[in-house]
Trainee: 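Please see the structure below; I have some questions.
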Amino acid sequence: MAKHSVKQLDFIKPIINNKFIDDNKYLREIGDGFVMELEIVSHKKGLEYVLYKFDPNQIDLFPFFTDISGLKKICDYFLFVQEGSVLYVLLIELKKGTKSAYQQLNASEVFANFIIESAARIQSEFKKQVIEIRKIRISDKRAKKTTKPKTLVYDENGIINYDLPTKFRIQPIIEL
């Protein structure tokens, strides 16, 4: 009898409120005279994912914290990707210009770990040893005018600078 593969994604979905699910197939950042939009592309058949957008401008995500500068920072998107028995947590920050995403991505990693630990605490079958967290910064200024994927590498802060301007390709990121 074949052993059934546990879907880590199924353990995450009940943890995060559905109102944060973003059913779009795009990552979007809209600002003063500025629009960045990347289509989410998965070339691998059977690759499952769910996209969450936590917008602190629409809701107070951390009402139990005071308003100390930087305390409530969070990245634009959490993309949970299931490939086989591995759950990838892609923390994605879209930036206009060359500003750093370091604070938001690091704060988001802490929050992602809280989500993971919460899932493990209430669902004993959850296998947290098959979880990979990746921090990704996408800047309109760094994006090159090309459609060819570049080799992705981590910078000195453990952040991947994603430079493809129109498509967000999942596969190269989870293959790192």
Side-chain angles (χ1 to χ4, degrees), residues 5-30 36 38 40 42 47-95 99-139 152-162 168-176:
S5 175
V6 175
K7 288 191 175 191
Q8 308 298 26
L9 203 53
D10 291 339
F11 292 111
I12 293 297
K13 287 179 183 177
I15 300 297
I16 305 171
N17 192 315
N18 286 341
K19 71 181 174 183
F20 296 107
I21 290 178
D22 189 335
D23 288 326
N24 292 312
K25 303 294 182 202
Y26 292 89
L27 303 174
R28 288 190 180 100
E29 177 83 345
I30 300 170
M36 185 187 329
L38 289 93
I40 300 170
S42 168
L47 193 68
E48 298 178 57
Y49 68 86
V50 62
L51 181 66
Y52 293 93
K53 182 167 179 62
F54 301 106
D55 188 347
N57 296 321
Q58 294 181 349
I59 188 169
D60 188 1
L61 294 173
F62 304 108
F64 39 85
F65 287 145
T66 62
D67 287 330
I68 295 173
S69 178
L71 184 60
K72 296 182 179 185
K73 293 259 183 200
I74 195 160
C75 66
D76 294 315
Y77 293 97
F78 282 48
L79 181 65
F80 291 87
V81 180
Q82 176 83 41
E83 183 184 45
S85 63
V86 180
L87 179 69
Y88 293 90
V89 183
L90 308 182
L91 307 174
I92 305 165
E93 177 63 21
L94 303 173
K95 284 289 187 190
K99 290 184 180 179
S100 173
Y102 181 78
Q103 276 191 332
Q104 285 156 302
L105 290 169
N106 284 344
S108 298
E109 183 176 26
V110 171
F111 186 51
N113 281 316
F114 176 73
I115 292 167
I116 291 163
E117 292 296 327
S118 296
R121 181 174 49 85
I122 64 167
Q123 301 173 84
S124 61
E125 311 86 41
F126 188 71
K127 307 284 186 211
K128 79 176 198 178
Q129 68 269 19
V130 293
I131 296 173
E132 297 276 337
I133 296 176
R134 307 276 161 85
K135 297 182 279 189
I136 303 149
R137 178 180 178 273
I138 303 172
S139 164
L152 299 173
V153 295
Y154 291 97
D155 69 10
E156 65 278 359
N157 296 312
I159 295 170
I160 300 164
N161 284 297
Y162 189 89
F168 181 78
R169 300 180 191 279
I170 295 172
Q171 202 62 37
I173 292 169
I174 64 175
E175 289 175 352
L176 277 176

Trainee: Within this structure, what is the CD1-CD1 distance for the pair Ile12 and Ile131, rounded to the nearest 0.5 Å?
Mentor: 6.0 Å
Trainee: Applying ring pair (Phe, Tyr, Trp, His ring centres under 6.0 Å), name anything that partners Tyr77, two or more places apart in sequence or on another chain.
Mentor: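 Partners of Tyr77 under the ring pair (Phe, Tyr, Trp, His ring centres under 6.0 Å) test: none.
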Trainee: Can you confirm whether Tyr102 is buried at OH, in the sense that more than 12 heavy atoms of other residues, nucleotides or ligands lie under 6.0 Å from that atom?
Mentor: no
Trainee: Please lay out, stage by stage, how Lys13 and Ile21 fare under the test side-chain contact (heavy atoms from CB on, under 4.5 Å).
Mentor: CA-CA 9 Å; Lys13 287 179 183 177; Ile21 290 178; 5.9 Å; no
Trainee: Could you check whether any side-chain N or O of Asp76 sits under 3.5 Å from a backbone N or O of Leu94, counting only pairs where one atom can act as donor and the other as acceptor?
Mentor: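 Flag set: sc Asp76 to bb Leu94 pair under 3.5 Å.
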Trainee: What's the shortest heavy-atom distance between Leu47 and Ser42, and which atoms?
Mentor: CD2-OG, 3.1 Å
Trainee: Is any side-chain heavy atom of Tyr49 closer than 4.5 Å to a side-chain heavy atom of Leu90?
Mentor: no
Trainee: Quick one: ring pair (Phe, Tyr, Trp, His ring centres under 6.0 Å) partners of Tyr52, sequence neighbours excluded?
Mentor: Phe80
Trainee: To the nearest 0.5 Å, what is the distance between CD on Glu48 and CG on Asp10?
Mentor: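 Those atoms lie 7.0 Å apart.
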Trainee: Identify the two heavy atoms, one from Leu152 and one from Pro172, that lie closest to each other, and give their separation to 0.1 Å.
Mentor: CD1-CB, 3.9 Å
Trainee: If every non-hydrogen atom of Ile116 is compared with every non-hydrogen atom of Ile133, which pair is closest and at what distance?
Mentor: CD1-CD1, 4.0 Å
Trainee: Residues in ring pair (Phe, Tyr, Trp, His ring centres under 6.0 Å) with Tyr154, at least two apart?
Mentor: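 For Tyr154 there are no ring pair (Phe, Tyr, Trp, His ring centres under 6.0 Å) partners, ignoring immediate neighbours.
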Trainee: Looking at every heavy atom in both Gly158 and Lys135, which two are closest together, and how far apart are they?
Mentor: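 Scanning both residues completely, I find the closest heavy atoms to be O-CE, 3.8 Å.
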Trainee: Over 60° means perpendicular and under 30° means parallel, so tell me whether Phe78 and Phe54 are parallel, tilted or perpendicular.
Mentor: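 Rings of Phe78 and Phe54: perpendicular, over 60°.
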Trainee: For the atom pair NZ (Lys95) and CD1 (Ile92), what is the distance rounded to the nearest 0.5 Å?
Mentor: 14.5 Å
Trainee: Restricting to side-chain hydrogen bond (donor to acceptor under 3.5 Å, both in side chains), what partner residues turn up for Asn157, sequence neighbours left out?
Mentor: none
Trainee: Distance from Ile122 atom CD1 to Ile15 atom CD1, nearest 0.5 Å?
Mentor: 3.5 Å
Trainee: Sequence neighbours left out, what passes salt bridge (charged side-chain N to carboxylate O under 4.0 Å, His left out) with Glu83? Give chain and number order.
Mentor: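 Listed in chain order: Lys44.
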Trainee: Could you state the interatomic distance from CD1 (Ile170) to CD1 (Ile40), rounded to the nearest 0.5 Å?
Mentor: 6.5 Å
Trainee: Could you tell me the separation between the CG atom of Leu176 and the CD atom of Glu132, rounded to the nearest 0.5 Å?
Mentor: 10.5 Å
Trainee: With sequence neighbours excluded, what pairs up with Glu175 under the side-chain hydrogen bond (donor to acceptor under 3.5 Å, both in side chains) test?
Mentor: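 Here the qualifying residues are Gln171.
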Trainee: Has Tyr88 got a side-chain atom pairing as donor or acceptor with Leu79's backbone, closer than 3.5 angstrom?
Mentor: no
Trainee: When you measure from the side chain of Ser108 to the backbone N and O of Leu91, does any donor-acceptor pair fall under 3.5 Å?
Mentor: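 The answer is no, because no donor-acceptor pair under 3.5 Å joins these two groups.
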Trainee: Ignoring hydrogens, what is the shortest heavy-atom contact between Val50 and Leu9? Give both atom names and the distance.
Mentor: CG1-CD1, 3.7 Å
Trainee: Is the side chain of Gln82 donor-acceptor paired with the backbone N or O of Leu87 at a distance under 3.5 Å, no angle test?
Mentor: no
Trainee: Looking at every heavy atom in both Glu93 and Cys75, which two are closest together, and how far apart are they?
Mentor: OE1-CA, 3.1 Å
Trainee: Is the closest side-chain donor-acceptor distance between Lys73 and Asn106 under 3.5 Å?
Mentor: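 Judged by distance alone, the side chains do not pair up.
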Trainee: Treating Arg134 as the side-chain partner and Ile173 as the backbone partner, does any N or O pair qualify as donor plus acceptor under 3.5 Å?
Mentor: yes
